[in-house]
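The structure displayed is predicted, hence computed values, not measured ones.
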Amino acid sequence: MATRTNPPSNFCFLLLLLLPHFHLGKSQLQLNYYSKSCPKAEDIIKQQVTQLYHKHGNTAVSWSCDASLLLETARDGTLVSEQTSERSIGMRNFKYVNTIKAAVEEECPFTVSCADIIALSARDAISLLGGPSIEMKTGRRDSKQSYAKEVEDLIPNHNDSISVVLSRFQAIGIDVEATVALLGAHSVGRVHCVNLVHRLYPTVDTTLDPAHAEYLKRRCPTPNPDPKAVLYSRNDLKTPMIIDNNYYKNILEHKGLLLVDQELATDSRTAPYVQNMANDNQYFHQQFSRAVQLLSETNPLSGDQGEIRKDCRYLNVD
């Protein structure tokens, strides 16, 4: 596999943006859901993700259980895209989902949902980035509406406290250990300077390692960075394209970029798990896999809910 020099800047948000919107009813997801209706679907998705990785060095796609995040703002104003939210700063690569969807549509029109394509693509991306193999259930349906307002309430902000993050995950059934593992997604990718300069200016956060703070100031030389400019810092300088436990080692050394990273290492509720994951990469991978499964199966649309979009960017025309 070729060495990649540009890590996926939005991968650290991939799992957080899986936070689902709530729907009544029990999940009807199952393994190999498309085995009869579109038996080649998962192979096609994996092939497309692999091709995109080798072409762009980036497999990350933004993720939400019902693919509502992919909807674009309607010209008539009847729908406002979730992509307009400040929670979406740094999000990109939506076009890659359309590329994968087109390949699947050619094989099986109106059969495989955008939501399942996103979930399976994320599973394959995790594997390509050295993470664990995950058994991903399918059978999701696509949302027929956007949740731009709810995004602000449900999805943790980049610099929310660990208490807020734990509370929001707990509200959807994600335990503390799984939350610590999910934040391990920060093992890869980058953080925009907009989201970390408050720890550097006007004075350096005393919880930051001084030498690392100097590195961050070189990456983010101004307290007022342009949100649209390419001003990022890598989460992990040693293995920036591998999902591993270096994230936990870094935050124990006070080299976390976000407030939640540093608090994760020091809060009494999470610190023991951080230490265990820093000591044992296999344990981290096991918990990461469990956490992704938990999060991906939290009440997605299924059965006769929603629809199967033809184009992930737009609702079907009845």
K.L.:
Looking at Glu253 and Lys249, is any side-chain nitrogen of the basic one under 4.0 Å from a carboxylate oxygen of the acidic one?
P.N.:
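Salt bridge between Lys249 and Glu253, a charged N being under 4.0 Å from a carboxylate O: no.
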
K.L.:
Just do the side chain to side chain contact (heavy atoms under 4.5 Å, CB included) check on Ile242 and Leu129 with the steps written out, would you?
P.N.:
CA-CA 5 Å; Ile242 300 176; Leu129 291 170; over 6 Å; no

K.L.:
Any Lys/Arg nitrogen of Asp267 or Arg269 sitting under 4.0 Å from an Asp/Glu carboxylate oxygen of the other?
P.N.:
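Judged by the 4.0 Å cut-off on N to carboxylate O distance, Asp267 and Arg269 do form a salt bridge.
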
K.L.:
Transitively linked via ILVMFWY side-chain contacts under 4.5 Å: Ile126 with Leu295?
P.N.:
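Yes, Ile126 and Leu295 fall within the same hydrophobic cluster.
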
K.L.:
Could you walk me through whether Ser121 and Ile100 pass the side chain to side chain contact (heavy atoms under 4.5 Å, CB included) test, one step at a time?
P.N.:
CA-CA 9 Å; Ser121 296; Ile100 300 169; 3.5 Å; yes

K.L.:
Main chain of Val191, side chain of Asn195: is a donor-acceptor contact present, judged purely on distance under 3.5 Å?
P.N.:
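Not confirmed, Asn195 side chain does not pair with Val191 backbone.
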
K.L.:
Using ring centroids (six-membered ring only for Trp), state whether Phe288 and His285 fall under 6.0 Å.
P.N.:
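For His285 and Phe288, the ring centres are not under 6.0 Å apart.
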
K.L.:
According to a 4.5 Å side-chain heavy-atom criterion applied to Ile, Leu, Val, Met, Phe, Trp and Tyr, with indirect links allowed, do Val194 and Leu231 form part of one hydrophobic cluster?
P.N.:
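Shared cluster, no.
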
K.L.:
List the atom of Leu315, the atom of Ser143, and the distance in Å for their closest heavy-atom pair.
P.N.:
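Residues Leu315 and Ser143, closest heavy atoms: CD2-O, 3.7 Å.
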
K.L.:
Do Pro240 and Val188 make a side-chain contact, defined as non-hydrogen atoms from C-beta onward lying under 4.5 Å apart?
P.N.:
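SC-SC contact between Pro240 and Val188 ruled out.
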
K.L.:
Do you know the tightest heavy-atom contact between Ser233 and Leu257?
P.N.:
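Heavy atoms of Ser233 and Leu257 come nearest at O-CD1, 3.7 Å.
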
K.L.:
In this structure, are over 12 heavy atoms from other groups packed under 6.0 Å from Lys46 atom NZ?
P.N.:
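For Lys46, atom NZ is not crowded (no more than 12 foreign heavy atoms under 6.0 Å).
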
K.L.:
Under 3.5 Å, is there a donor-acceptor pair between the side chain of Glu105 and the main chain of Phe110?
P.N.:
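At least one qualifying donor-acceptor pair exists.
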
K.L.:
Is it true that Glu307 and Arg141 make a salt bridge, defined as a side-chain N closer than 4.0 Å to a carboxylate O?
P.N.:
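Looking at Glu307 and Arg141, the cut-off is not met.
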
K.L.:
His186 pairs by side-chain hydrogen bond (donor to acceptor under 3.5 Å, both in side chains) with which of Asp261, Asn235, Asp236?
P.N.:
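Among Asp261, Asn235, Asp236, the one that satisfies the side-chain hydrogen bond (donor to acceptor under 3.5 Å, both in side chains) with His186 is Asp261.
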
K.L.:
Using modelled atom types only, decide if a donor and an acceptor are shared between the side chain of His192 and the backbone of Ala229 within a distance under 3.5 Å.
P.N.:
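Side chain of His192 to backbone of Ala229: a pair is present.
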
K.L.:
Shortest non-hydrogen contact from Asn245 to Ala278?
P.N.:
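Result for this residue pair: ND2-O, 3.0 Å.
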
K.L.:
Might you work through the salt bridge (Lys or Arg N to Asp or Glu O under 4.0 Å) test for Arg168 and Asp160, ending with a clear yes or no?
P.N.:
CA-CA 11 Å; Arg168 292 188 177 179; Asp160 277 340; 3.7 Å; yes

K.L.:
Indicate if Leu301 and Ile308 have the same hydrophobic cluster label, given that clusters are the connected sets of ILVMFWY residues with side-chain heavy-atom separations under 4.5 angstrom.
P.N.:
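No, Leu301 and Ile308 fall in different hydrophobic clusters.
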
K.L.:
Just so I know, are the side chains of Arg234 and Arg190 near enough to count as touching, which here means a heavy-atom distance under 4.5 Å?
P.N.:
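With C-beta onward as the side chain, the pair touches.
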
K.L.:
Going by the side chain to side chain contact (heavy atoms under 4.5 Å, CB included) test, name the single residue among Val180, Leu252, Leu258 that passes it with Leu264.
P.N.:
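The side chain to side chain contact (heavy atoms under 4.5 Å, CB included) with Leu264 is passed solely by Val180 among Val180, Leu252, Leu258.
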
K.L.:
Verify side chain to side chain donor-acceptor pair (under 3.5 Å) between Asp205 and Thr207, making sure each step is shown before the conclusion.
P.N.:
CA-CA 5 Å; Asp205 185 336; Thr207 64; 2.8 Å; yes

K.L.:
Taking 4.0 angstrom as the limit, do Arg313 and Asp311 come out as a salt bridge?
P.N.:
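Looking at Arg313 and Asp311, the cut-off is met.
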
K.L.:
Using a strict 4.0 Å threshold on nitrogen-to-oxygen distance, state whether Asp116 and Arg140 make a salt bridge.
P.N.:
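Salt bridge between Asp116 and Arg140, a charged N being under 4.0 Å from a carboxylate O: yes.
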
K.L.:
Contact between Tyr283 and Met277 at the side-chain level, heavy atoms closer than 4.5 Å - yes or no?
P.N.:
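Side-chain contact under 4.5 Å: yes.
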
K.L.:
Just wondering, more than 12 heavy atoms not from Tyr34 lying within 6.0 Å of its OH?
P.N.:
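Counting neighbours around OH of Tyr34, more than 12 heavy atoms of other residues, nucleotides or ligands fall under 6.0 Å, so yes.
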
K.L.:
Looking only at side-chain N and O atoms, does Gln293 offer a donor or acceptor that is under 3.5 Å from a partner on Arg290?
P.N.:
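Note: Arg290 and Gln293 side chains miss the donor-acceptor criterion.
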
